[in-house]
Amino acid sequence: MPLVSMNEFLPKAKENKFAVGQFNINNLEFVQAITDAGIETNSPLIFGVSEGALKYMGIEYTVAMAQAAAAKSGLPIALHLDHGSTFEVAMKCIRAGFSSVMFDGSHHSFEDNIRLTKEVVKAAHAMGVSVEGELGTIGGTEDDLTVDEEHATLAKPEEAIRFWEETGVDALAIAVGTAHGMYKGEPKIHFDIIEAVTSKIPVPVVLHGGSGVPDDAIQKAIAAGVGKINVNTENQVACTTTIREVLAKDANIYDPRKYLVPARDAIKATVLEKIRLFGSSNQA
Ligand code: 13P
């Protein structure tokens with residue numbers, strides 16, 4: 001199957017109250033692990049690629065790996081730019097074969113965010129590519145960007161509704177209290193904001209910062225109308241902890257496969273848990 005737009009599965013997710021995981025890819029082992037978990041559960045998948053990861057892997061390798069995963073698995077897989085910062089980077093990804101893009105205009109004024117997101121939507125939709133927008137500022141650290149909790153601002157429901165009406169995005173990330181990276185305490189998620197927005201717009205809300213959110217809070221968020229949940233840090237932790245343990249046990253290892261195979265298994269186990277929790281099994 002070729003890569004697909006998120007519209008292949010997000011409307012169904014919103015209607016049937018499940019969420020599709022966006023699992024960020026960082027290298028080949030992440031792609032293999034996430035795809036294997038998707039095959040085992042028959043789940044749709046979203047490969048998230050941040051601008052930092054894109055720079056690390058190279059755009060040609062990124063698209064080729066995702067296309068290979070979609071062809072091998074037969075699953076509906078969207079290759080999605082995560083937090084795209086400009087119109088240009090979004091277009092570059094679409095030209096290279098991405099089937100979905102996020103334009104994150106949350107650092108601009110509300111009116112500029114609408115104007116810039118609209119431009120991306122117009123171009124992307126003309127090519128059958130889905131678009132995610134963002135409103136409010138999500139705290140935490142992703143790649144080299146850190147937003148401290150003080151500067152993280154929650155989305156206002158009436159603004160989020162107007163943002164959707166004017167831009168026509170296919171999924172809307174709104175700041176509701178989660179943050180990128182691991183949490184020190186328990187995140188306080190504002191389910192009332194999610195519900196106030198999703199009851200008024202036809203597309204699902206996206207929950208960023210899915211790592212470390214307790215299972216019951218995830219389930220409540222899905223019930224409130226979240227249809228896409230982003231997870232990166234937990235998979236990175238699973239990968240790196242495993243590599244550390246394997247190398248600490250045996251100082252004579254030099255073949256990368258000796259630590260990458262268990263690392264890949266650990267990522268797969270984490271993704272399997274998330275897919276089951278999100279309810280996207282057998283929704284491919
Ligand atoms: P975590 O790294 O906290 O899981 O967040 C991922 C994310 O939201 C990517 O956009």
Side-chain angles (χ1 to χ4, degrees), residues 6 10 19-27 30-31 33-34 37 45-57 62 66 78-85 89-90 93 98 100-107 130-149 152 154-155 169-189 194 204-215 217-218 221-222 226-241 266-267 269-275 277-278 280:
M6 296 198 298
L10 286 191
V20 180
Q22 172 189 306
F23 301 106
N24 284 52
I25 58 173
N26 296 282
N27 60 23
F30 275 73
V31 173
I34 297 160
L45 294 169
I46 301 161
F47 290 155
V49 184
S50 66
E51 288 186 20
L54 195 61
K55 208 162 132 195
Y56 172 76
M57 294 185 286
T62 304
L79 176 60
H80 180 73
L81 170 66
D82 192 22
H83 294 283
S85 60
V89 72
C93 286
F98 277 58
S100 189
V101 292
M102 173 182 191
F103 176 74
D104 179 358
S106 62
H107 305 288
S130 49
V131 181
E132 173 182 342
E134 178 173 324
L135 209 58
T137 322
I138 294 161
T141 302
E142 193 179 41
D143 283 347
D144 305 326
L145 187 72
T146 298
V147 177
D148 55 47
E149 303 295 314
L154 295 175
V169 288
D170 306 290
L172 182 55
I174 52 174
V176 292
T178 53
H180 294 123
M182 281 308 205
Y183 298 94
K184 289 191 194 86
E186 237 182 59
K188 183 175 170 0
I189 301 178
I194 300 173
V205 153
V206 181
L207 193 71
H208 280 245
S211 294
V213 178
D215 290 2
I218 291 284
I222 295 171
V226 162
K228 170 177 183 278
I229 303 177
N230 294 4
V231 177
N232 186 24
T233 305
E234 262 190 65
N235 288 330
Q236 292 183 322
V237 170
C239 170
T240 308
T241 307
I267 300 167
T270 310
V271 175
L272 275 175
E273 257 179 46
K274 298 296 175 195
I275 287 176
L277 174 64
F278 299 168
S280 68

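Each ligand, and each atom within it, is numbered from 1 in the order the structure gives.
Closest protein heavy atom to atom 2 (O) of ligand 1: Thr233 OG1, 2.5 Å. The protein non-hydrogen atom at the shortest distance from atom 9 (C) of ligand 1 is Glu142 OE2, 2.9 Å. At the top of the distance list for atom 4 (O) of ligand 1, counting protein heavy atoms only, stands Ser211 OG, 2.5 Å.
Remark: ligand 1 atoms within the under-4.0 Å shell around heavy atoms of His208 are 8 (O), 10 (O). Of all atoms in ligand 1, numbered sequentially from 1 with element shown, those under 4.0 Å from a heavy atom of Ala179 are 3 (O). Heavy-atom proximity to Val231, at under 4.0 Å, picks out these atoms of ligand 1: 4 (O). The distance from ligand 1 to the heavy atoms of Gly210 drops below 4.0 Å at these ligand atoms: 4 (O). Near Asn232, the atoms of ligand 1 lying under 4.0 angstrom from a non-hydrogen atom of the residue are 1 (P), 2 (O), 4 (O), 6 (C).
Residue-to-ligand polar distances keep Glu234 apart from ligand 1: every N/O pair is separated by 3.5 Å or more. The shortest N or O to N or O distance between Asn24 and ligand 1 is not under 3.5 Å. Any N or O atom pair closer than 3.5 Å counts here, and Gly181 shares at least one such pair with ligand 1.
Considering all non-hydrogen atoms of both residues, Met57 and Ile25 come closest at CE-O, 3.5 Å. Between Asn232 and Ser211 the shortest heavy-atom distance is N-OG, 3.8 Å. Heavy atoms only, all atoms of each residue included: Gly210 and Glu234 are closest at O-OE2, 4.2 Å.
Contacts of Asp82 with ligand 1, taken as heavy-atom pairs under 4.0 Å, involve the side chain alone.
Taking CZ of Phe103 as the start and CD of Glu132 as the end, the distance is 12.5 Å to the nearest 0.5 Å. With rounding to the nearest 0.5 Å, the separation of OG in Ser130 from NZ in Lys228 is 9.0 Å.
Taking 4.0 Å as the cut-off, His83 counts as a neighbour of ligand 1 on heavy-atom distance.
Each of Leu79, Asn24, Thr62 was scored for a side chain to side chain contact (heavy atoms under 4.5 Å, CB included) with Phe47, with one residue passing: Leu79. Of the listed residues (Val20, Leu45, Thr270), just one forms a side chain to side chain contact (heavy atoms under 4.5 Å, CB included) with Ile275, and that residue is Leu45.
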Start with the C-alpha gap between Phe30 and Ile267, add the side-chain angles, then the distance that decides, and say whether side chain to side chain contact (heavy atoms under 4.5 Å, CB included) holds. CA-CA 7 Å; Phe30 275 73; Ile267 300 167; 3.7 Å; yes
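Every side-chain hydrogen bond (donor to acceptor under 3.5 Å, both in side chains) that Ser85 has, sequence neighbours left out, goes to Glu51.
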